[in-house]
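Fair warning: this is a prediction, and the values are worked out from it, not measured in the lab. Here is the naming used below: chain letters follow the sequence lines, and residue numbers restart at 1 for every chain.
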There are 2 protein chains.
Amino acid sequence: MRPAYQDIVDTITRRIASGVYRPGSRLPSEAQFCAEFRVSPMTLRRALNILLDQGLILAEKGRGTFVRPLGLTDCVFRLEDLEGGWVDESTSVRLLAASTTKASDRVAEKLALEPGSRVVYLRRLVLKGERPAMYHVEYVIFDPRRPLVESQLQITPLAGLLSGDRGNTFPRGTVTLRALSLSAEAARVLEEPVGAPALCLEHVFEDNERRPVSWGWFLLRADLFQLTARLGPEWQASQEVDRG
Amino acid sequence: MRPAYQDIVDTITRRIASGVYRPGSRLPSEAQFCAEFRVSPMTLRRALNILLDQGLILAEKGRGTFVRPLGLTDCVFRLEDLEGGWVDESTSVRLLAASTTKASDRVAEKLALEPGSRVVYLRRLVLKGERPAMYHVEYVIFDPRRPLVESQLQITPLAGLLSGDRGNTFPRGTVTLRALSLSAEAARVLEEPVGAPALCLEHVFEDNERRPVSWGWFLLRADLFQLTARLGPEWQASQEVDRG
DNA sequence: CGCAATCACTTCCCTAGGGAAGCTTACAGT
DNA sequence: ACTGTAAGCTTCCCTAGGGAAGTGATTGCG
């Protein structure tokens with residue numbers, strides 16, 4: 001039913017979590033594991049590879065594999081499971097502004113354009129129920145020769161931009177996360193006091209030729225959104241039990 | 001020299017990045033790939049598995065494998081590559097306070113203790129050169145029966161807590177990231193105006209039995225620290241060229 | 001025409017080996 | 001005592017298949 005390599009992954013993970021294999025210590029060789037689990041080397045190797053790039057173990061060629069000691073810095077935060085959620089039933093998007101303007105120096109620099117080039121300027125407000133939650137500002141290049149723009153311009157289904165459902169996805173991009181205080185304008189829109197803390201999610205999307213296509217940022221109310229990561233071994237309970 | 005599966009991963013990645021394989025479209029079957037790259041099914045499968053859990057492709061049993069359309073939410077932020085850095089030559093740690101006190105209600109709740117139990121209270125300041133950068137507050141359970149405490153108590157090498165070098169690592173934990181405004185005390189220590197924005201990194205570490213061992217948080221000056229993630233296909237340049 | 005069975009194609013899992021390359025240790029020769 | 005070598009570990013990579021299970025189109029039968 002369940003793949004053998006998955007059972008092996010879980011078993012070893014459990015042993016690490018429960019302290020049978022301690023951080024830093026060497027664990028049995030591949031040959032020994034093959035004998036214990038009664039599988040071929042290839043299958044065992046597959047299990048180890050999974051643990052390897054989960055970062056739970058650490059292999060040194062010719063010496064052995066070891067339990068990797070974990071530190072705070074091993075945390076990974078997935079934007080996918082942002083607490084506060086991106087979209088659910090109560091979510092609605094309100095378009096505050098959409099126009100084409102000439103790029104300011106700052107915008108032109110970010111988008112690698114000549115100053116004064118035409119760009120599309122967008123401002124959206126995402127509401128959870130009645131409450132403003134995110135404020136989104138974005139500048140998109142306006143170049144008839146590049147076909148990407150129109151897909152970007154379908155405004156309301158912000159969802160498409162977030163989780164790449166349909167065509168309006170970008171092949172590449174850079175996203176940076178930081179904290180800041182709300183400006184007067186952002187504070188007004190988000191119905192927060194000026195200077196209130198917020199998470200800022202700045203993004204630059206690029207096309208296939210690595211040219212920037214859009215620059216913008218989300219402002220997330222600090223009281224509604226946070227990121228959580230779990231550190232250390234985690235496994236799904238397996239129904240199977242040794243009946244040897 | 002270079003493993004074959006790695007070359008395959010890079011080649012497919014490059015094709016996705018350059019638009020040869022478009023988002024959502026089906027890519028060749030495993031058999032076809034085997035024929036093209038002249039490798040055995042197992043090797044090809046290995047390459048696909050890597051792309052699979054990089055999230056670049058998406059396989060549906062019986063139907064085929066497809067290029068996965070990406071969205072903003074696919075970003076992952078690694079605490080490891082925090083911009084502003086955790087430790088380098090100019091980093092020093094100053095211990096502001098270390099004492100044992102009775103746990104307040106809030107602390108007792110977080111650590112799952114009886115209110116009034118003894119806990120170790122720590123406050124550290126991390127400096128980059130002369131400049132305060134992070135402020136760390138932590139509560140550690142004080143229980144002679146649990147041996148973990150002493151390793152936690154070696155204060156100055158904060159590095160050990162961050163990247164698990166030696167023994168003072170915890171098997172498990174939860175870390176949450178959010179934005180907030182500096183309290184009066186934190187602002188004074190970090191030499192920032194009261195109410196300045198900061199990233200807050202709250203952490204709870206647990207022992208093998210999943211009992212909380214320590215609770216605390218880092219406050220990171222918003223002007224010094226941010227997290228960056230790259231979205232989309234990325235590959236290492238391979239020196240090898242087709243000479244068929 | 002409608003429905004069910006078949007068949008081709010797909011992803012996915014596993015076996016049973018061989019061999020390259022790196023590290024450690026023991027042992028021989030100097 | 002020291003050094004170079006060889007043996008025996010180790011991780012790592014690859015081949016060449018077989019078979020299970022899911023999907024979709026085609027075909028044959030009522």
Which is the 5'-most and which the 3'-most nucleotide of DNA chain D that has an atom under 4.0 Å from a heavy atom of chain B?
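Nucleotide range in contact with chain B: D/dC13 to D/dG24.
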Would you mind classifying the nucleic acid contact of B/Ala31 as base, sugar-phosphate or nothing, using non-hydrogen atoms under 4.0 angstrom?
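B/Ala31: no heavy atom of the nucleic acid under 4.0 Å.
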So which of residues 47-63 of chain B are in contact with DNA chain C, with a heavy-atom cut-off of under 4.0 Å?
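The answer is B/Ala59, B/Glu60, B/Lys61, B/Gly62.
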Only counting residues at least two apart or in another chain, list the ones meeting salt bridge (Lys or Arg N to Asp or Glu O under 4.0 Å) with A/Glu83.
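A/Glu83 satisfies salt bridge (Lys or Arg N to Asp or Glu O under 4.0 Å) with no residue once adjacent residues are dropped.
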Taking [X] first and then [Y], would you say they form a salt bridge - that is, a charged N and a carboxylate O separated by under 4.0 Å?
X        : Y        : value
A/Glu60  : A/Arg68  : no
A/Lys110 : A/Glu138 : no
A/Asp10  : A/Arg2   : yes

Kindly state which residues belonging to residues 35-43 of chain A come within less than 4.0 angstrom of DNA chain D, counting heavy atoms of the residue only, listed by number.
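Residues of residues 35-43 of chain A under 4.0 Å from DNA chain D: A/Met42.
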Please list all pairs meeting salt bridge (charged side-chain N to carboxylate O under 4.0 Å, His left out) that have one or both residues in residues 17-35 of chain B, counting only residues at least two apart or in different chains.
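The answer is B/Glu30-B/Arg45.
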Are any of the side-chain heavy atoms of [X] and [Y] separated by less than 4.5 Å?
X        : Y       : value
B/Pro233 : B/Leu56 : yes
A/Ser25  : A/Val67 : yes
B/Arg46  : A/Asn49 : yes
A/Thr43  : A/Phe37 : no

Would you please classify the geometry between the B/His203 ring and the B/Phe218 ring as parallel, tilted or perpendicular, with 30° and 60° separating the classes?
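Rings of B/Phe218 and B/His203: tilted, 30 to 60°.
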Start with the C-alpha gap between A/Tyr5 and A/Val39, add the side-chain angles, then the distance that decides, and say whether side-chain contact (heavy atoms from CB on, under 4.5 Å) holds.
CA-CA 9 Å; A/Tyr5 71 88; A/Val39 293; over 6 Å; no
N/O donor-acceptor pair under 3.5 Å between A/Gln32 side chain and A/Ser29 backbone
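A pair under 3.5 Å: yes.
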Report all interatomic pairs (protein N or O, nucleotide N or O of nucleotides 3-7 of chain C) with separations under 3.5 Å.
none

